[in-house]
Amino acid sequence: MEFRKALGSFATGVTIITTRTADGHPVGLTANSFNSVSLDPPLVLWSLANNSGSFDAFKQARHWAVHILGADQEELSGRFARRGEDKFAGLEVGNGQGDVPLLKGCAAHFECRTVSQYQGGDHLIFIGEVLDFSRDEAAPLVFHGGKYAHATRRDPPTQKPRSAHLAGSFGEDFLGYLLGRSHFRFFSQIRPFLQREQLDDMEFYVLSTLTLKPLLSDDQIAEGMAGVLDERRQRALDGLVERGFAQRSDGGYALTPNGREAALHLIAEAKAIESQVLERLGDADAAILKTILNRLLGVVDPNAANVLWQQNGSV
Ligand SMILES: Cc1cc2nc3c(=O)[nH]c(=O)nc-3n(C[C@H](O)[C@H](O)[C@H](O)COP(=O)(O)O)c2cc1C
């Protein structure tokens with residue numbers, strides 16, 4: 001097991017390798033043993049467990065295809081890593097060289113012809129000549145330490161030294177600074193829309209929380225806005241009621257039709273700003289940022305009430 005763990009230190013991409021049985025059935029499995037071998041001639045390799053259900057099919061096949069999975073294809077990877085399922089059910093499948101089944105939406109694919117097979121312990125190693133291939137700009141799915149992971153570009157080492165700080169002051173890489181400044185700059189793009197409705201940040205926070213359910217009790221609002229001081233939350237609720245955006249009923253608060261309409265507009269506008277910002281980061285880094293921030297929330301706010309988001313009754 002230690003050996004397997006040590007091998008897992010090597011981060012890889014994830015592939016699905018497909019072929020057809022002699023009687024024409026598509027077969028395939030998830031594999032991370034894929035690697036490049038030679039550029040000229042173009043050769044690749046991978047290895048297949050001797051006890052794999054698709055062993056005979058691959059041993060006899062003259063052609064197979066390697067699909068490099070994108071970051072959004074974890075589910076497909078899971079499906080092709082399970083034995084015995086009809087792995088191709090419901091998938092759109094094309095036909096490659098040698099009638100090999102081709103999967104859509106992958107980061108790259110290579111259509112290969114077997115040139116050699118070597119027995120390597122409990123695996124059979126395949127070397128294939130690449131007859132055709134395609135590639136997309138999609139971010140790759142990564143496998144590391146037995147878990148799926150994201151790949152992100154590292155920042156180039158900074159040329160100029162970071163500005164000097166007084167001893168004892170926070171540096172520019174202090175998490176609180178990075179989070180606070182990002183929040184401030186991000187929110188300053190949304191604020192003009194709030195000002196149109198004469199709402200401040202806190203009132204918008206409460207307004208958007210109230211869209212989660214038709215009626216929220218005081219406790220649910222407090223849970224949904226964990227970390228906000230009771231008085232600030234109450235002042236914002238009172239302000240929304242005063243302006244006809246929310247009303248108090250049956251021990252809780254609900255949006256008025258005006259409040260719901262304003263909230264819908266503002267949320268759409270905030271999402272448009274979010275899209276612009278995330279587009280500049282790129283899809284892959286945007287997904288990573290959200291994953292990490294959610295994980296950070298779990299660390300700094302383990303009791304955070306996800307409850308509201310997990311139940312029905314949103315706008
Ligand atoms: C990320 C990942 C990588 C894998 N890599 C390989 C591999 O390189 N070779 C292999 O034989 N099995 C590999 N497996 C396991 C097979 O996908 C799994 O045993 C599958 O059920 C085999 O399907 P089959 O029995 O229908 O052939 C991997 C599984 C995962 C999740």
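In this chain, residues are counted from 1 in sequence order. Atom set for the values below is all heavy atoms of this structure, side chains included, hydrogens, waters and symmetry mates excluded. Both ligands and their constituent atoms are indexed starting at 1 by order of listing.
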Legend entry - Side-chain touch Arg232/Met225, heavy atoms, less than 4.5 angstrom: no
Legend entry - ligand 1 N/O within reach of Gly28 N/O, cut-off under 3.5 Å: no
Legend entry - Atoms of ligand 1, numbered as shown, that sit under 4.0 Å from any heavy atom of Gly53: 24 (P), 25 (O), 27 (O)
Inset, instruction - Give a yes or no on whether a salt bridge exists between Lys59 and Asp56, defined as a side-chain N under 4.0 angstrom from a carboxylate O. - result: no
Inset, instruction - Would you check if there is a donor-acceptor pair between the side chains of Ser217 and Asp219 at a distance under 3.5 Å? - result: no
Inset, instruction - Number the atoms of ligand 1 from 1 as they appear, then name those within less than 4.0 Å of a heavy atom of Phe143, with their elements. - result: 1 (C)
Inset, instruction - Give a yes/no verdict on whether any heavy atom in Trp46 is under 4.0 Å from an atom of ligand 1. - result: no
Inset, instruction - Check the pair His109, Thr18 against side chain to side chain contact (heavy atoms under 4.5 Å, CB included), reporting the backbone distance first and the verdict last. - result: CA-CA 11 Å; His109 95 280; Thr18 57; over 6 Å; no
Legend entry - Polar contact flag for Ser33 and ligand 1 (N/O pairs, less than 3.5 Å): yes
Legend entry - Residue list, side chain to side chain contact (heavy atoms under 4.5 Å, CB included) with Pro41, at least two apart or on another chain: Ser38, Leu43
Inset, instruction - Using heavy-atom distances, let me know which of Asn32, Asp56, Ile17 sits nearest atom 5 (N) of ligand 1. - result: Asn32
Legend entry - Under 4.0 Å to a heavy atom of Leu48 - the qualifying atoms of ligand 1, by number: 11 (O)
Inset, instruction - Do me a favour and list the nearest non-hydrogen protein atom to atom 12 (N) of ligand 1 with residue, atom name and distance? - result: Leu29 CD1, 3.8 Å
Inset, instruction - Tell me which one of Arg79, Lys87, Glu74 gets a heavy atom nearest to atom 23 (O) of ligand 1. - result: Lys87
Legend entry - Ion pair Asp218/Arg248, N-O distance below 4.0 Å: yes
Legend entry - Best match, Thr30, Thr15, Ile16: closest heavy atom to atom 17 (O) of ligand 1: Thr30
Inset, instruction - Under 4.0 Å, heavy atoms only, figure out whether ligand 1 is touched by the backbone of Ser77, its side chain, both or neither. - result: neither
Inset, instruction - Just need the protein heavy atom nearest to atom 9 (N) of ligand 1, so name the residue and atom and give the distance. - result: Ser47 O, 2.9 Å
Inset, instruction - Compare every heavy atom of His150 with every heavy atom of Val142, then report the nearest pair and how far apart it is. - result: CG2-C, 4.1 Å
Inset, instruction - With salt bridge (Lys or Arg N to Asp or Glu O under 4.0 Å) as the test, would you mind laying out the steps for Glu111 and Arg113 before giving the verdict? - result: CA-CA 7 Å; Glu111 293 170 49; Arg113 170 183 80 83; over 6 Å; no
Legend entry - Qualifying residues under side chain to side chain contact (heavy atoms under 4.5 Å, CB included), relative to Arg82, sequence neighbours excluded: Arg79, Glu85
Legend entry - N or O contact, Ser54 vs ligand 1, cut-off under 3.5 Å: yes
Inset, instruction - Considering the heavy atoms of Ala49, write down every atom of ligand 1 situated less than 4.0 Å from one of them. - result: 10 (C), 11 (O)
Inset, instruction - Answer yes or no: does an N/O atom from Ala81 fall short of 3.5 Å to an N/O atom of ligand 1? - result: yes
Inset, instruction - Take Asn258 and Thr256 through the side-chain hydrogen bond (donor to acceptor under 3.5 Å, both in side chains) test and state the conclusion after the steps. - result: CA-CA 5 Å; Asn258 270 352; Thr256 61; 5.4 Å; no
